[in-house]
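See below for the structure under consideration.
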Amino acid sequence: QAKKLGRNRICFYDPVMQENIEQKTTMEHELRIALSQEELTLFYQPQVNLEGEIIGVEALVRWNHPQKGLVPPNAFIPLAEETGLIIPVGSWVLHQACEQLSLWTKMYPERHLHVSINVSVKQFQEASFYDTVAEVIAKSGVETGRVKLELTESLIVENIRETIVKIESLRSLGIGFSLDDFGTGYSSLSYLKRLPLDELKIDQSFVRDIGNDNNDAMIVKTIIEMARNFDLDVIAEGVEDQEQFKFLEENGCTLFQGYLFGKPMPAKEIERLFLDA
Ligand code: C2E
Ligand code: MG
Ligand code: MG
Ligand code: MG
């Protein structure tokens with residue numbers, strides 16, 4: 001009975017699925033155009049220290065779609081990964097973020113700003129990744145020490161040895177590495193210990209309920225403690241209110257990112273923030 005149903009099932013014409021496929025194809029096509037027409041744009045979100053000074057920004061991509069308006073990354077990065085378009089998209093992001101930092105470094109030489117750039121698994125695993133990064137940074141003229149790449153745990157689980165070698169070769173250029181969304185993946189402590197990282201980024205899902213969920217509060221404390229033991233910087237993402245900030249500060253976190261300090265915004269708006277922070 002079940003078998004019959006299963007076999008019949010794949011013969012059904014599923015209009016929803018068909019529509020999804022069509023949507024995807026259209027979107028893939030549009031994304032290719034977006035790349036050539038410069039429809040992608042970067043927003044920047046401030047990262048601050050204990051004094052509230054902006055010490056860097058995270059670059060977050062958006063797609064300025066001619067009909068749909070500003071499309072968030074979660075709506076097109078997965079498709080870009082699936083189709084391989086993440087390679088040109090990722091290169092564009094690297095290039096754009098480094099050019100912007102180069103500009104800001106000249107405009108505000110007294111600030112020691114860095115830029116954090118998200119790197120997807122597929123992009124990182126591409127054979128040409130090292131060369132692309134080295135080339136883009138060299139062209140922009142920014143110091144490698146001002147560029148931080150954000151990786152996620154899924155990468156580490158997939159191929160730890162290759163990952164270590166690649167991170168190490170890029171770190172030897174001076175590039176920093178942060179582990180994004182930390183705590184949501186499956187990487188074990190022994191992996192973490194082997195990884196040549198500079199920073200852990202506490203996922204916003206833990207920060208959100210710091211005040212009323214004891215488990216989350218404990219997870220956050222543990223991550224901060226762990227970062228200290230591994231001699232890593234620790235930054236909290238998704239800090240939205242004063243209570244969360246206080247809790248993080250009291251427990252030894254020294255770097256912060258979230259709506260409390262500024263939403264992701266166009267470069268021009270970041271420059272306005274620089275006037276008073
Ligand atoms: P992420 O790297 O973990 O970035 C943090 C996300 O949290 C951003 O969403 C940001 O806008 C949001 N956020 C920051 N502060 C707060 C806060 O206080 N409260 C809340 N509720 N949210 C906050 P966004 O910009 O929509 O990006 C989503 C994800 O898309 C990113 O998560 C990252 O994984 C991915 N992404 C963004 N840009 C790129 C890129 O250039 N390349 C790749 N591969 N992925 C990217
Ligand atoms: Mg990130
Ligand atoms: Mg994150
Ligand atoms: Mg996140």
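All ligand and atom numbering here is 1-based and tracks the order in the structure.
- Among N74, L151, V89, the residue whose heavy atom lies closest to atom 28 (C) of ligand 1 is N74.
- Taking a 4.0 Å cut-off on heavy atoms, E81 fails to register as neighbouring ligand 1.
- For the 3.5 Å distance criterion, the side chains of S178 and E199 qualify, holding a donor opposite an acceptor.
- The aromatic rings of F124 and F129 sit tilted, their planes meeting at an angle between 30° and 60°.
- Among the atoms of E150, an N, O or S atom is found under 2.8 Å from the Mg ion (ligand 2).
- With I117, D241, D181, V207 as candidates, the residue nearest to atom 3 (O) of ligand 1 on a non-hydrogen basis is D181.
- Nearest N/O/S atom of D181 with respect to the Mg ion (ligand 3) is recorded as OD1.
- E58 and N118 make their closest contact through OE2-ND2, 2.8 Å (heavy atoms, listed as atom of the first residue, atom of the second, distance).
- Checked for salt-bridge contact, E243 and K246 miss the test: no charged N lies under 4.0 Å from a carboxylate O.
- Nearest-residue assignment for atom 12 (C) of ligand 1 (options R208, E240, Q204, E237; heavy-atom criterion): Q204.
- Within E58, the N/O/S atom positioned nearest the Mg ion (ligand 2) carries the name OE2.
- The Mg ion (ligand 2) has an N, O or S atom of D180 inside 2.8 Å of it.
- Ion pairing of R32 with E28 is present here, as a side-chain N (NZ or NE/NH1/NH2) and a carboxylate O approach within less than 4.0 Å.
- Ion pairing between a basic and an acidic side chain is recognised when a charged N comes within 4.0 Å of a carboxylate O; E53 and R111 show no such pairing.
- Under 4.0 angstrom from ligand 1, there are no non-hydrogen atoms of K201.
- For atom 25 (O) of ligand 1, the nearest non-hydrogen atom from the set R62, K122, Q96, E150 comes from R62.
- At a heavy-atom cutoff of 4.0 Å, ligand 1 is contacted by both the backbone and the side chain of N118.
- No hydrogens or angles considered: a donor-acceptor pair under 3.5 Å links the side chains of Q257 and Q47.
- For a threshold of 3.5 Å applied to N or O pairs, the pair formed by V61 and ligand 1 contains at least one separation below that value.
- Note on ligand 1: G90 sits outside its first shell, no heavy atom being nearer than 4.0 Å.
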(request) Take F182 and F206, measure what ring pair (Phe, Tyr, Trp, His ring centres under 6.0 Å) needs, and give me the verdict at the end. (result) CA-CA 10 Å; F182 187 70; F206 304 120; 8.6 Å; no

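- When you scan the N, O or S atoms of E237 for the one nearest the Mg ion (ligand 3), you land on OE1.
- No salt bridge links D213 with R208; every basic N to acidic carboxylate O contact stays at or beyond 4.0 Å.
- In P73, the part holding a heavy atom less than 4.0 Å from any atom of ligand 1 is the side chain.
- There is no side-chain donor-acceptor pair under 3.5 Å between E225 and N251.
- In D180, the part holding a heavy atom less than 4.0 Å from any atom of ligand 1 is the side chain.
- Proximity of E58 to ligand 1, defined as any heavy-atom pair under 4.0 Å, is confined to the side chain (atoms from C-beta onward).
- Residue side and main chain included, N118 places an N/O/S atom under 2.8 Å of the Mg ion (ligand 2).
- A salt bridge links E271 to K268: one of the charged nitrogens lies within less than 4.0 Å of a carboxylate oxygen.
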